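Contents: one structure, followed by commentary.
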Amino acid sequence: MCDALERWDGYPLNILGQINWPLTNIKIRESHILVAVILVLLIYLVFAPLVLIIISGFKETGFVFDEGFTVRHYVDIYSDAQTYSLISNTLVFAISSTFMAVTLGVIFAWLTERTNIPFKTAVRISLIIPLAVPGVLLSIGWVLLASPRIGMLNSIFVGLFGGSAPIDIFTMEGMIFVQGLSFTPTAFLIIAPSFRRMDPLLEEAASTSGANLFETWRYIVLPLLLPSILASGAAIFLISLVVFDIPGTLGMPSRIFVFASEIVDAAQEMEQLPAYGRIGALSSVFLFFTFSLAIFYNYMTRRAGKYTTVTGKGYRPKLIDLRNWNYVALAFIVFYVALALILPFLTILWTSFLPYLQPLSFQALQNLSFDGYVETLTLPRVQLAFWNTFIVVIVTSAVVAILSTIISWLIVHSHRYVSRSLDFLAFLPLAIPHLMLGLALIYFYLTIRIIPVYGTVWILVIAFITTFVAFGTRTTNAAMFQLHSELEEAAWISGAPLLRTFKEIVVPLIFPAILNVTIWVAALSMRELSAALMLRSSDSLVISTIIWEFWAEDSVPSHAAVLGVVMILTLLIFTGIGLYLYERTLTVRSPKSKRSKKILPVAG
């Protein structure tokens, strides 16, 4: 047995400890080849496009292989007063929407995890369901609700009180409001687990010592939750800096530009070649901030576990009795869900049944029909977009699930240097905004023409795999670390080869996590707009980009509404399945009897 364990210490996946370096006997195993392939693949997906986007800022045309270098783009950008106005708008938008989302996320997490609010399970689900509404559709819904010209709410207010429209959604405040609604579920999902794991004895001790609720929150709760709050804030701020959906829909019509909308506007210049050099220079500086925030987010999520305490089997979270405030709190949550999901969806649904925009009235009821659905869904462009979306969703979700599982397995079993390298490369896409990734792939595949994917649907697949592998590995890492090494040791001692061990031990035990990654990546791929918009061509249309075209470019809101309803209903199904699978990934179960039956025959 001791000899067997010594052999396990020399198991092939301890890679750097196994290789005898040059001028000695080098033993190359299949695990070495696998790690090398994964490392090369991650470098190809992540590093190569980023290097090109940085170099492009120093090229006159923005194309890497053109002769000469220049700093003119940097000088022009940072000597232009408009650049600082752009940075100011971006920071105001990002900071304000982050503050709103995190504040609501903390409040909702506290209400659902530490109080006796009624219908708790339904409340939790309702706070996550708004994730099914993409930012572009949420903003379209709010245009239909609060536009000064066509908004239904404004029509109601003017009809009741007269005067001019009281709400204008095409403002910085409108952008912040809608973006805050959109990001609140993300903040809630990051912060709620920390509330759930926090030891209630600390609050009880504070209460016994005479501290009131405010003092307990200030000196006990908030310090313990600070890593989770900062992590959620960093993640949301990182996305807000470069998100396009809502600033593009609400800001561009009123000429309020942030970084993302400026990039898209410059990249889609119709009268001349896009200013790739200027875009590269502007993007390079913002990449520095996004990388810094991503590293900070990773650091804080690692620290979050150190600040949460669970007492053991007797652990019972103490619930605060809200008494008469119970249903006030419930009404507040319902109000949020109405703003973030119900009202925008119902408005888009109403628009989808009308031939043209009309406010709510008895006359409009007579014009309701399914003609818009028939007309929209039979358009060749729409059918192409559905087919492309199907390809992107299926291929991206399958590849990300498989790749994430292999990477996480190697991270757990490899030598620490290899493990850290894999983990860093897999995490790196989190620091690359989707907009910039799309831009980087434009540079890469316009430069490296031996891979003919530019202008096809496959460049979207590459972009989405690169983007979502960070999410996939975060999920499969957590499940993989729950598996004790004894399970694979037993298989190896019994004579099971590496592939069979992986197939019959590892995969079945973490299958809920793998399925969870598949479902969520499918949903995220369907709703992604920023990268898809940068990479679109007439042959690579997907549902998200054609919704944008119908709304912002072709001015056919009924077509956009029809596709919006189809997308939201589909994403609601994905979200429901994802929530179910998420609950199953919280624990990993090992079917011992089945495992032993499979492994014992190998030993014989």
Side-chain angles (χ1 to χ4, degrees), residues 98-132 180-233 235-236 300-301 304-342 575-576 579-580 582-583 586-587:
T98 299
F99 178 79
M100 175 181 170
V102 172
T103 301
L104 290 175
V106 170
I107 293 172
F108 292 152
W110 178 72
L111 289 173
T112 56
E113 302 298 336
R114 305 313 294 266
T115 72
N116 63 338
I117 190 172
F119 313 113
K120 188 167 290 189
T121 301
V123 165
R124 284 197 187 102
I125 294 173
S126 66
L127 288 171
I128 299 173
I129 288 296
L131 285 172
L181 292 177
S182 179
F183 281 150
T184 295
T186 302
F188 171 76
L189 284 173
I190 296 174
I191 296 169
S194 294
F195 268 108
R196 195 177 304 134
R197 294 192 300 261
M198 196 167 61
D199 188 353
L201 294 179
L202 299 172
E203 295 169 88
E204 292 176 11
S207 178
T208 303
S209 301
N212 57 33
L213 183 62
F214 174 77
E215 292 172 330
T216 302
W217 259 79
R218 179 180 177 184
Y219 295 109
I220 302 295
V221 176
L222 288 180
L224 289 173
L225 291 177
L226 190 60
S228 292
I229 294 173
L230 291 177
S232 66
I236 293 171
M300 295 312 301
T301 52
K306 300 178 182 180
Y307 282 77
T308 54
T309 54
V310 178
T311 58
K313 294 182 179 179
Y315 169 76
R316 291 290 185 276
K318 178 184 177 182
L319 299 181
I320 298 172
D321 186 4
L322 294 178
R323 299 180 183 177
N324 296 331
W325 292 95
N326 240 327
Y327 289 96
V328 174
L330 185 63
F332 178 58
I333 292 176
V334 171
F335 181 63
Y336 163 76
V337 175
L339 296 177
L341 175 65
I342 298 172
T575 303
L579 289 175
Y580 170 75
Y582 173 76
E583 294 296 328
L586 295 179
T587 58

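In what follows, residues are counted from 1 in the order of the sequence shown. Treat the numbers as computed from the prediction; the structure is a model and nothing was measured.
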- Query: Distance from Phe99 atom CZ to Leu104 atom CG, nearest 0.5 Å?
  - Reply: 9.5 Å
- Message: Just to verify, which of Thr112, Leu341, Leu189, Thr184 counts as forming a side chain to side chain contact (heavy atoms under 4.5 Å, CB included) with Leu127?
- Response: Thr112
- Query: Who pairs with Ile107 by side-chain contact (heavy atoms from CB on, under 4.5 Å), at least two apart in sequence or on another chain?
  - Reply: Thr103, Leu111, Phe332
- Item | Contacts of type side chain to side chain donor-acceptor pair (under 3.5 Å), residue Asn326, not counting sequence neighbours | none
- Mind checking what makes side-chain contact (heavy atoms from CB on, under 4.5 Å) contact with Ala109, not counting sequence neighbours? Phe188, Ile191, Ala192, Phe195
- With the side chain counted from C-beta on, respond yes when Phe183 and Ser232 share a heavy-atom pair under 4.5 Å apart, and no when they do not. no
- Here the gap from Ile117 atom CD1 to Trp110 atom CH2, rounded to the nearest 0.5 Å, amounts to 9.5 Å
- Query: Is any side-chain heavy atom of Pro130 closer than 4.5 Å to a side-chain heavy atom of Leu181?
  - Reply: no
- Item | Over all atoms of both residues, closest heavy-atom pair of Ala101 and Ile236 | CB-CD1, 4.1 Å
- Query: Side chains of Ile333 and Phe108: does their closest heavy-atom pair fall under 4.5 Å?
  - Reply: yes
